[in-house]
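The chains referred to below are lettered A, B, ... by the order of the sequence lines, with proteins before strands, and numbering in each begins at 1.
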Amino acid sequence: MSKPSIPQGTRDFSPEVVRKRQYILNTLRNIFECYGFQPLETPAMENLTTLTGKYGEEGDRLIFKILNNGLHDITAEDKKQKLQDEWTKVTSKAYSSPVVTERALRYDLTIPFARYVVMNQNELAFPFRRYQMQPVWRADRPQKGRYREFWQCDADVVGSTSLINEAELLCIYQKAFNELTIPVKIKLNSRKLLAAIAELCGAPEQMMNITIALDKLDKVGWTGVVKELQERGISEDGIFKIEQVIKVTGDNNTKLAAFADMMQHSATGIGGINEISKTLAYYRTLADAQWTGVIEVDISLARGLNYYTGVIVEVVCNSEKVEMGSIGGGGRYDDLTGLFGLKGLSGVGVSFGIDRIYDVLEQLEAFPQQLASGADVLVLNFGGENENYALSVLRQLRDAGIAAEVYPDAAKFDKQMKYANKRKFTYVLLPGDEEREKGLISVKNFVTGVQQMVSMAEAMTLIRG
RNA sequence: GAGGCUGUAGCUCAGUAGGUUAGAGCAUCAGAUUGUGGUUCUGAGGGUCGAGGGUUCGAAACCCUUCAGCCUCCCCA
C-alpha cells in the first residue's frame, strides 16, 4: 500500500487553520456586505472556451483542463477517427480540442463574473456590486506562497464609470486591513499614465513592454529596469524620459502636479491624473480618520493583467517584520464583458490574496487569541446511570447555547482527561455518582485547574464567564 | 518551459571511508494511575532506507534510470 498523498500544490487545512482562514473571510464578508456588495458563487468548472484567450498565452497554458468523459465509449467510426486525429495534435503541441476537453477549472473569479453578468444582463440591476470568495486553480509550478489551488476573494462593481466606486474600493481595503490589524501601503496608479509614458517615449505601441519592465522596479531597482527596457527595444531617449517620471518624489499632490507638467501635451496623461485626483478627493470624503493605511501614488505600479484600463491599485504590507509581495490588487477594466458580447459596460474591482494575508497575520502574530478553541466544554462519561446524567447535562448546555460535547465512551478517566487536554477545552464537567445523586455538577476550569461542585445554573454562569 | 536541492519510522532528522541485527528525538499505544489532564517514569509497536537496474564478497551510502517533494527563474496571487 502506497502512502496517501494530495496533489502537488494543494493543501489540507487543519481545524485550527480553517478557523483562522474563516476569521479572515468573515471579516472581509462583513465589510463587503456593509458596502452593499452581494454574494455570488460560480461553478468550479467552466466551459474551456469561456476561459481560453482571456489570460494571455501564458495564462492559457496554466488553465487546468478536464478530460472529457466516455472517450472510450465512442463507437461511430467518423467520431472515433476525429478523436484520434485531435488526440495526436493534443499530444504533440500546445493545443486544446473540445473533442478531448471541453471543461476546465476556474482560473480566477473575474472572467466567470463577467460571464455571469453577460448571461444575466436582463435580470441584474446595474450598477451590479458583487463579492465572491472561492478557490481557483492554476497549473503553475508551485513554490513558496504559490499553490495550484488557492482562494481568491474579489469585490467588483460593473455598470458604472463613477470614480466613487474606486474611492469605495480604497475604503474597503483600508477598513479590511485596519480590522485585520495589518499595516499597509496602498499603491495607486492609472493605466492611462503608463500609456502616457509610452507616448512620451514616442513609442505608444510599446506600452505593455514598458509596463512589464516598470513593474519590476521594486525587485530589480532602476538599473535593472533600464536593462529590461533596453532588451525590450526602448530608445535611450525614451529611457531618459521614463527616468524623469520615475524619479519624481513628494506627496501625492506634488507628484500629480509634476506629472501634469510633464504630460501637459498628452490627453491620456491628463485623463489619468484627473482620475487619480478625483478618486483621492472622493476617498477623503468617505474615509474614516482612524484608518492607518498609507495611500501612495506610485507611477511604477503596473499590475500584470492586461485588461485593466484605468485606475489600478495594489496593497503591500507596510511592516519591517514581514517579507511579502502584494496582498491585494485591482483596478478598472473598461470592457471586460465585451469579451462575451456585451459592450460598453465598465467595471472596477479589487482582490484580496487571502493565503498571503494569512501568512502576514501569522508573521505579525495578529490573529485574535480566542480563535484557537472550538467547543468550550467537554462532559465526561462515567458510564452506567451516570451516562444518562451526562447526556441530560449536555442537553441543558446546548439548549443554553453553550458549545459542548460528551465523551461518547465510558473510557478510563485519564484517557478522557488527556483527550480534554489535547483538545484544549476550557471547561470539563464531571457528572459522577455524587453529582448525580445531589443533582449538581462538578465544573473544572482546565486552564486554572480549579474545580467546584455547583448547580447547573451556576455552572452555566461560570462557563459563560 | 529552464535550472538547483532533497528523498531513511506517522513527523523532524542522524547514519563516519561501502562492513554485524539501520538509530535518536518527538508522536502513537500500553502500564505506573478505572474520580483528576499537562510533568515524570517503565515498556511496546512501527522501516521493501522513494522505485527500478548496475558496480561489489558486501550498498541506505557509489553509478545509471525513473518518480516524488521543495526551491529559483519565467509568470503570477
Side-chain angles (χ1 to χ4, degrees), chain A residues 1-11 14 55-63 93-94 106-110 133-154 208 211-213 215-216 219-220 224 228 231 302-306 313-317 324-330 349-360 378 380-384 386 390 407 409-436 441-453:
Chain A
M1 228 247 303
S2 60
K3 285 185 195 176
S5 62
I6 55 176
Q8 185 184 34
T10 66
R11 296 157 292 168
S14 68
Y55 308 107
E57 199 182 319
E58 179 75 6
D60 282 355
R61 209 164 57 80
L62 300 180
I63 294 171
K93 59 181 177 182
R106 190 203 290 131
Y107 181 88
D108 73 354
L109 300 180
T110 309
M133 305 191 283
Q134 288 187 281
V136 301
W137 293 268
R138 293 187 189 178
D140 203 356
R141 197 130 202 179
Q143 47 184 280
K144 200 182 187 78
R146 284 170 72 177
Y147 304 95
R148 288 186 156 177
E149 178 187 68
F150 63 97
W151 280 60
Q152 282 194 337
C153 185
D154 285 15
M208 273 317 289
T211 300
I212 291 167
D215 200 26
K216 296 180 181 165
K219 230 178 187 175
V220 298
E228 180 102 17
E231 281 165 10
R303 307 278 309 152
L305 292 170
N306 49 21
V313 291
E314 183 164 288
V315 183
V316 295
C317 179
M324 184 68 69
S326 76
I327 54 179
V350 289
S351 183
F352 289 80
I354 84 152
D355 291 283
R356 286 185 174 181
I357 291 171
Y358 181 99
D359 290 342
V360 168
L378 177 69
L380 295 197
N381 184 342
F382 289 95
N386 294 327
Y407 199 93
D409 304 292
K412 282 204 281 190
F413 194 79
D414 86 305
K415 186 165 178 167
Q416 299 192 40
M417 292 296 268
K418 279 178 177 160
Y419 172 80
N421 192 56
K422 198 159 194 173
R423 284 284 311 278
K424 298 192 172 87
F425 286 99
T426 320
Y427 290 97
V428 170
L429 302 196
L430 298 83
D433 291 330
E434 189 185 350
E435 287 85 352
R436 175 172 47 81
I441 189 70
S442 288
V443 179
K444 176 159 180 147
N445 181 321
F446 235 56
V447 179
T448 62
V450 175
Q451 181 174 326
Q452 46 195 313
M453 199 184 296

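- Closest to the side chain of A:N421, from the set B:rC76, B:rG38, B:rG31, is B:rG38.
- Between the OH atom of A:Y419 and the C1' atom of B:rU34 there is a distance of 20 Å, given to the nearest Å.
- Spacing between B:rG37 and B:rG31 at atom P, rounded to whole Å, works out to 15 Å.
- With hydrogens and angles ignored, the 3.5 Å screen pairs a side-chain donor or acceptor of A:Q416 with a backbone N or O of A:N381.
- In this structure, A:Y407 atom OH and B:rU36 atom P are separated by 17 Å, rounded to whole Å.
- With B:rG37, B:rC75, B:rG35 as the candidates, the nucleotide lying closest to the side chain of A:D140 is B:rC75.
- Atom CG of residue A:N421 and atom CG of residue A:D414 lie 11.5 Å apart, to the nearest 0.5 angstrom.
- In this structure, the side chain of A:R148 engages the main chain of A:D140 through a donor-acceptor pair within 3.5 Å.
- Counting only heavy atoms from C-beta on, A:I212 has its side chain closest to B:rC75 among B:rC74, B:rC75, B:rU34.
- Listed pair A:K415 / B:rG37 fails the phosphate criterion, with no side-chain N or O lying under 4.0 Å from OP1 or OP2.
- Annotation: B:rG38 and B:rA30 have their P atoms spaced 14 Å apart (nearest Å).
- Residue A:S326 is classed as a sugar-phosphate contact, given heavy-atom separations below 4.0 Å to backbone atoms only.
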In dot-bracket form, how is RNA chain B paired, counting a Watson-Crick or G-U wobble pair only if both its distances are under 3.5 Å and using | for bases paired to another strand? (((((((..((((.....[...)))).(((((.......))))).....(((((..]....))))))))))))....
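- For the C1' atoms, the distance linking B:rA14 with B:rC49 amounts to 13 Å, nearest Å.
- When the P atom is used for both B:rA9 and B:rU56, the distance is 30 Å, rounded to whole Å.
- Among the nucleotides B:rC74, B:rU36, B:rG38, the one closest to the side chain of A:K418 is B:rG38.
- The side chain of A:K444 lies closest to B:rG37, out of B:rG37, B:rG35, B:rG3.
- On a pure distance criterion of 3.5 Å, a polar donor-acceptor pair joins the side chain of A:E435 and the base of B:rG35.
- Between the CZ atom of A:R146 and the C1' atom of B:rU72 there is a distance of 11 Å, given to the nearest Å.
- Atom CZ in A:F446 sits 9.5 Å away from atom CD in A:Q451 (nearest 0.5 Å).
- As judged by a 4.0 angstrom heavy-atom cut-off over every strand, A:Q451 is placed among the base-contacting residues.
- A distance of about 14 Å separates the C1' atoms of B:rC11 and B:rG47, rounded to the whole Å.
- B:rU21 and B:rG7: their P atoms are spaced 24 Å apart (whole Å).
- Listed nucleotides: B:rA27, B:rG37, B:rA77. Nearest to the side chain of A:Y147: B:rA77.
- A donor-acceptor pair under 3.5 Å links the side-chain atoms of A:E435 to the main chain of A:G432, judged by distance alone.
- Between A:K412 and the phosphate of B:rU34, there is a side-chain N or O to OP1/OP2 separation shorter than 4.0 Å.
- The P atoms of B:rC26 and B:rG43 are separated by 14 Å, rounded to the nearest whole Å.
- Classification of A:D359 and A:R356 as a salt-bridged pair fails, no side-chain N sitting under 4.0 Å from a carboxylate O.
- Distance CG (A:L380) to C1' (B:rG37): 10 Å, rounded to an integer number of Å.
- OP1 and OP2 of B:rC71 both lie 4.0 Å or more from every side-chain N or O belonging to A:Q143.
- Between A:P431 and A:Q152, the residue anchored closer to the 5' end of RNA chain B is A:P431, taking for each the nucleotide with the nearest heavy atom.
- If you check every strand for non-hydrogen atoms under 4.0 Å, A:F446 touches a base.
- Rounded to whole angstrom, the span from the CH2 atom of A:W137 across to the P atom of B:rC76 amounts to 21 Å.
- Position along RNA chain B of the nearest nucleotide to A:M453 versus A:F150 favours A:M453 as the more 5'-ward residue.
- Taking the side chain of A:K422 as heavy atoms from C-beta on, and the options B:rG35, B:rA27, B:rA77, the nearest nucleotide is B:rA27.
- If you measure from atom CD of A:E434 to atom C1' of B:rU36, you get 14 Å, rounded to the nearest angstrom.
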For A:E149 and A:I6, run side-chain contact (heavy atoms from CB on, under 4.5 Å): C-alpha distance rounded to whole Å, both residues' side-chain angles, the deciding distance at 0.1 Å, then the answer. CA-CA 11 Å; A:E149 178 187 68; A:I6 55 176; over 6 Å; no
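- For the pair A:I357 CD1 and B:rA77 P, the interatomic distance rounds to 14 Å; values are reported in whole Å.
- OP1 or OP2 of B:rG69 has at least one side-chain nitrogen or oxygen of A:Q8 nearer than 4.0 Å.
- Of the candidate nucleotides B:rU36, B:rA77, B:rG3, B:rU36 has the atom nearest to the side chain of A:M417.
- Within 4.0 Å of A:D355, counting heavy atoms only, lies no atom of the nucleic acid at all.
- Considering CZ of A:F382 and CG of A:L430, their distance stands at 4.5 Å, rounded to 0.5 Å.
- Using P as the reference atom, B:rU34 and B:rU8 are 39 Å apart when rounded to the nearest Å.
- The two residues A:A420 and A:L378 make their nearest non-hydrogen contact at CB-CD2, 3.6 Å.
- Within the 4.0 angstrom heavy-atom criterion, base atoms lie near A:G449.
- The base of B:rC75 lies outside donor-acceptor range of the side chain of A:R61, with no N or O pair under 3.5 Å.
- Between the P atom of B:rC76 and the CH2 atom of A:W151 lies a distance of 24 Å, rounded to the nearest Å.
- The aromatic rings of A:Y107 and A:Y55 lie tilted to each other, with the angle between the two planes from 30° to 60°.
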